[in-house]
Amino acid sequence: MKNRLRDMRAEKGWSQAALGEKLDVSRQTINALETGKYDPSLPLAFRIARLFGQPIETIFDDGLGPVIPEGDGAPS
Amino acid sequence: MTDAPQASLHPFRSTGTLGLMFMLAGVGMFILSAFVLTWGGSSIAAAGLFLASLALFGLWAREDIVARRARDGAISQPEMRMARIVPAHILLLLLFVGVEMVRVRWGAALDEAGLGMVLTGLSAGVLTGWCAVFILLVRSADEMVRAMMVRATAAAAGGTLFIAVFWAVIARGVGAPEIPALWLFPLFAVVYGIAASVMREGAG
């Protein structure tokens, strides 16, 4: 799964180790997430989203399009 | 991606080269002590080599933390926990092998002296400790490392089974001795260590 974690981390000026410290995971896990070798669990994905203040779907992209297609599911 | 090593530390240490040399020297000393003890060499030399291997593993554990700090600037809590527990895990494995080697060499004499049960208790205690530390290790790891450990455990179990059965087939053919059940645990631990290292390198 693709994600914007590396760019978002770079914007904040954090090292992989510093981000790992904030998320309580190892630097290795951050590296695996950034390179797409590992997909996070839902709890970790939520922690990442909260840390960066962005919705999960703007950080992670499964390549299948928007979670809620435009015009669908939105309350009228 | 890895960050640049700190300038204040010599590259020999900051890149982990010194730590790797300590570890390889420790493995070498340990194997040497096993040979000396098993094939009737000097007991003092074997004990000296065994203690040297333990000291070298201690130095490796220390250098591993130094190199990680130099590379990353900081070590996250899960990594620090792992860095402290893994050497204890290896130490227990070495102790188990050490106790079993003592049994191979002086087992009969110790049994006569009534110390056989002490050795048996020590083996059982070390084995139980190793399992307890393994559980602690799994609990201390973050989710990705934990998943990696589970995969490494499965690979090590399969690998150990394969080696033992394959060797049994060969042994039956050529009349060589089979692998005693006691040595399946160290074999599993070594295969696990190799599998975990390979997976760890793959994850970056």
Side-chain angles (χ1 to χ4, degrees), chain A residues 1-69 73, chain B residues 1-9 14-16 19-20 61 64-87 89 136-152 154-155 193 195-204:
Chain A
M1 192 180 290
K2 289 178 187 170
N3 65 72
R4 294 174 46 233
L5 202 55
R6 187 180 294 247
D7 295 337
M8 290 162 61
R9 177 176 63 79
E11 279 171 21
K12 296 272 187 187
W14 294 336
S15 66
Q16 288 184 335
L19 179 57
E21 184 76 50
K22 291 175 197 302
L23 293 169
D24 197 30
V25 296
S26 62
R27 183 203 64 81
Q28 200 179 9
T29 298
I30 299 296
N31 190 52
L33 286 168
E34 288 185 354
T35 52
K37 288 177 181 169
Y38 176 70
D39 294 331
S41 65
L42 261 180
L44 179 56
F46 271 105
R47 289 213 302 276
I48 293 168
R50 279 201 190 94
L51 182 67
F52 288 101
Q54 294 192 25
I56 288 176
E57 60 266 32
T58 65
I59 303 172
F60 298 97
D61 177 16
D62 63 358
L64 298 175
V67 177
I68 303 174
Chain B
M1 185 183 116
T2 53
D3 301 329
Q6 277 180 355
S8 57
L9 207 63
S14 63
T15 55
L20 184 68
D64 184 46
I65 292 175
V66 168
R68 284 190 204 201
R69 277 219 175 95
R71 185 188 59 201
D72 304 331
I75 303 181
S76 63
Q77 285 303 313
E79 269 180 296
M80 184 52 93
R81 285 196 296 269
M82 296 286 282
R84 285 180 180 146
I85 300 170
V86 168
H89 210 208
L136 189 66
L137 207 53
V138 172
R139 288 171 66 99
S140 303
D142 66 41
E143 60 175 55
M144 189 204 74
V145 177
R146 192 176 299 143
M148 210 159 62
M149 289 173 77
V150 170
R151 286 202 305 274
S197 299
V198 169
M199 287 176 188
R200 192 173 150 178
E201 286 304 311

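Just so it is clear, the model here is predicted, and its values are computed rather than measured. Chain identifiers are assigned alphabetically (A, B, ...) following the order of the sequence lines, protein sequences preceding nucleic acid strands; residue numbering begins at 1 within each chain.
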Practice problem: Please say whether more than 12 non-hydrogen atoms of neighbouring residues, nucleotides or ligands are located less than 6.0 Å from CZ in B:R84. | Solution: no

Sorted by chain and number, sequence neighbours left out, side-chain contact (heavy atoms from CB on, under 4.5 Å) with B:V150 holds for none

Open item on the list: As a quick check of understanding, evaluate side chain to side chain contact (heavy atoms under 4.5 Å, CB included) for B:M148 and A:Y38, giving each step before the final call.
Closed with: CA-CA 10 Å; B:M148 210 159 62; A:Y38 176 70; over 6 Å; no

Most heavy-atom pairs under 4.5 Å with chain B, out of A:I30, A:L19, A:T29, belong to A:T29

Show me the donor-acceptor pairs, under 3.5 Å and distance only, between side chains in residues 59-66 of chain A and residues at least two apart or in other chains.
unit_1, atom_1, unit_2, atom_2, d
A:D61, OD1, A:G63, N, 2.8
A:D62, OD1, A:L64, N, 3.0

Within residues 39-52 of chain A, the residues sitting under 4.5 Å from chain B by heavy atom, in sequence order, are A:P40, A:S41, A:L44

Hits for side-chain hydrogen bond (donor to acceptor under 3.5 Å, both in side chains) against A:N3, two or more places apart or cross-chain, chain-then-number order -> none

Of all heavy-atom pairs linking A:S26 and B:V145, the shortest is OG-CG2, 3.9 Å

